[in-house]
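See below for the structure under consideration.
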2 protein chains.
Amino acid sequence: MVRKTKEEAEITRLHIIDAARRVFLQCGVSHTSLEKIAAAAGVTRGAVYWHFRNKSELFFAMREDAILPFVDRVVFDADDEEPLAGIETALLEIFRVLADEQKTRETLEIVSFKCEYVDEFLPLMGCSAGQQAFLDDLTRAYARAAARGLLRPGPTPEVLATDTFMFVGGLVKHWLEGEPESPFRQGAEDLVRAHVALRRA
Amino acid sequence: MVRKTKEEAEITRLHIIDAARRVFLQCGVSHTSLEKIAAAAGVTRGAVYWHFRNKSELFFAMREDAILPFVDRVVFDADDEEPLAGIETALLEIFRVLADEQKTRETLEIVSFKCEYVDEFLPLMGCSAGQQAFLDDLTRAYARAAARGLLRPGPTPEVLATDTFMFVGGLVKHWLEGEPESPFRQGAEDLVRAHVALRRA
DNA sequence: GTTTATACAAACACGGTTGTATGTAAATAG
DNA sequence: CTATTTACATACAACCGTGTTTGTATAAAC
């Protein structure tokens, strides 16, 4: 076996992560053996165990590889003139990423439907950190809109943000579980716009 | 071993289903062996294999045991005077059942977070049948409300129903993944009421 | 009252998966 | 240029978990 340079080794590592994502998506995390992943990556289990301590560590690496860039994408610009437009843009961006970026979509599919949250996976159920930050951003954006008098009277910014948070959670879930031609995928943008419009004064 | 009467055998079957639910919830479906379930039920694998062909069949039995009664619970009464109140009642009923009925809650937790949708489990991802019926019921209820002029002008009943559908999907998910003292659990009823109120004319 | 089917327990055979240990050629350090 | 570490491949040992088979006491059928 030819010993690889550091750069080649890093490429091998990424190939293993890519292969893991493909096999996880098809077989589910639990029913995926490291042998399957190695074969899909064109290496042996030796390579996998060299780069990762076990399947869990590989799973976490795969997850961070796609999820971390994702949360950075969805930003709420603090445009005080049009906070509602900012919310709309942020939400639309979520579904644009889902539609355009295969890696992110597949990873979300895996963490949503192809893995079991027990033992070491339990703490990342609901991705506590990221989700809470998202909800907080939403709340602040609605508060800015309320301060500008752009909202319908009635619900507080907190309640509006939570309602939107649930809406997004449900839509992402149904978006992911649907086929590409699913109505929830086709109509996601319109739904987002209607959702935000319902809050306008 | 003493041969059991039919009634005793049926009790054994239910004990196995109960044990399966407990172990599935703790270990995840994939990491649950039939030996674990048998031990938790106080029997051997022989009894499990007598009542069920394999783990999949046991899983489906457990699921139907709790999910079927659940969907029957959430009904939209066709009260044409107050269709929005009917929607609100139906939604509140969902979270009442989640809070009050352990078996249903645990089963939903399992199908949401403790199982992987691959192979034979793939078709029941999203429970296509039940979900679509729920969405249809919602749409009809909003259509009745629209006919009575009870809705804010703007979105169609279809869009409103889909928005509510996503809201419920997200809230159920976050409700389940939260601790008992989670704000999403405590505030679920208020969120439902605020959600419906946002649609009132 | 026999016979038969039932409701399991116990034993068996088998493959799959894991982690580790060992081998090794080439890259890198000195 | 030599020594050492790297980046794997290969081989090994151990353990589950599964499905099936066999055994058996008893309930139910006739």
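A note on names: the letters A, B, ... follow the listed sequences, proteins ahead of strands, and every chain is numbered from 1. Everything numeric in this text was worked out from a predicted model, so none of it was measured.
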*On DNA chain D, check which nucleotide each of Ala47(A) and Asn54(B) is closest to and give me the residue with the more 5' one.*
Ala47(A)

*Indicate whether OP1 or OP2 belonging to dG19(C) is found under 4.0 Å from a side-chain N or O atom of Tyr49(A).*
yes

_What is the separation between atom NZ on Lys36(B) and atom C1' on dC16(D), rounded to the nearest whole Å?_
10 Å

*Tell me: NE2 of His31(A) to C1' of dT18(D), nearest whole Å?*
12 Å

*Taking the nucleotide of DNA chain D with the closest heavy atom to each, which residue, Gly46(B) or Thr5(B), is nearer the 5' end?*
Gly46(B)

*Atom-pair distance (CZ on Arg53(A); C1' on dT18(C)), nearest Å*: 15 Å

*Does the side chain of Trp50(A) get closer than 4.0 angstrom to OP1 or OP2 of dA7(D) through an N or O atom?*
yes

*Under 3.5 Å, is there a donor-acceptor pair linking the side chains of Glu35(A) and Ser33(A)?*
no

*Round to the nearest Å and state the distance from Ile11(B) atom CD1 to dC8(C) atom C1'.*
15 Å

*Whole angstrom is fine here: how far is it from NZ in Lys6(B) over to C1' in dT26(D)?*
14 Å

*Send over the distance from Glu35(A) CD to dT10(D) C1', rounded to a whole Å.*
12 Å

_Between P on dC16(D) and NZ on Lys55(B), what's the gap in Å once rounded to a whole number?_
15 Å

*asked:* Assess, by modelled atom type and distance only, whether the side chains of Arg63(A) and Thr107(A) contain a donor and an acceptor separated by less than 3.5 Å.
replied: no

*What about Phe59(B) and Phe121(B), are their ring centers closer than 6.0 Å?*
yes

*asked:* So which atom in Arg200(A) and which in Arg152(B) form the shortest heavy-atom distance, rounded to 0.1 Å?
replied: O-NH2, 4.1 Å

*asked:* Among Thr162(A), Val168(A), Asp163(A), which residue satisfies the side-chain contact (heavy atoms from CB on, under 4.5 Å) criterion with Met166(A)?
replied: Thr162(A)

*So, is His51(A) close to the dC8(D) phosphate, meaning a side-chain N or O under 4.0 Å from OP1 or OP2?*
yes

*Whole angstrom is fine here: how far is it from CD1 in Ile37(A) over to C1' in dT17(C)?*
12 Å

*Is a donor-acceptor pair below 3.5 Å formed from side chain Arg45(B) to base dG19(D), judging by atom type as modelled?*
yes

*Touch class at under 4.0 angstrom, heavy-atom based, for Thr44(B) against every strand present*: base

_N or O in side chain of Thr12(B) less than 4.0 angstrom from dA7(C) OP1/OP2_ = no

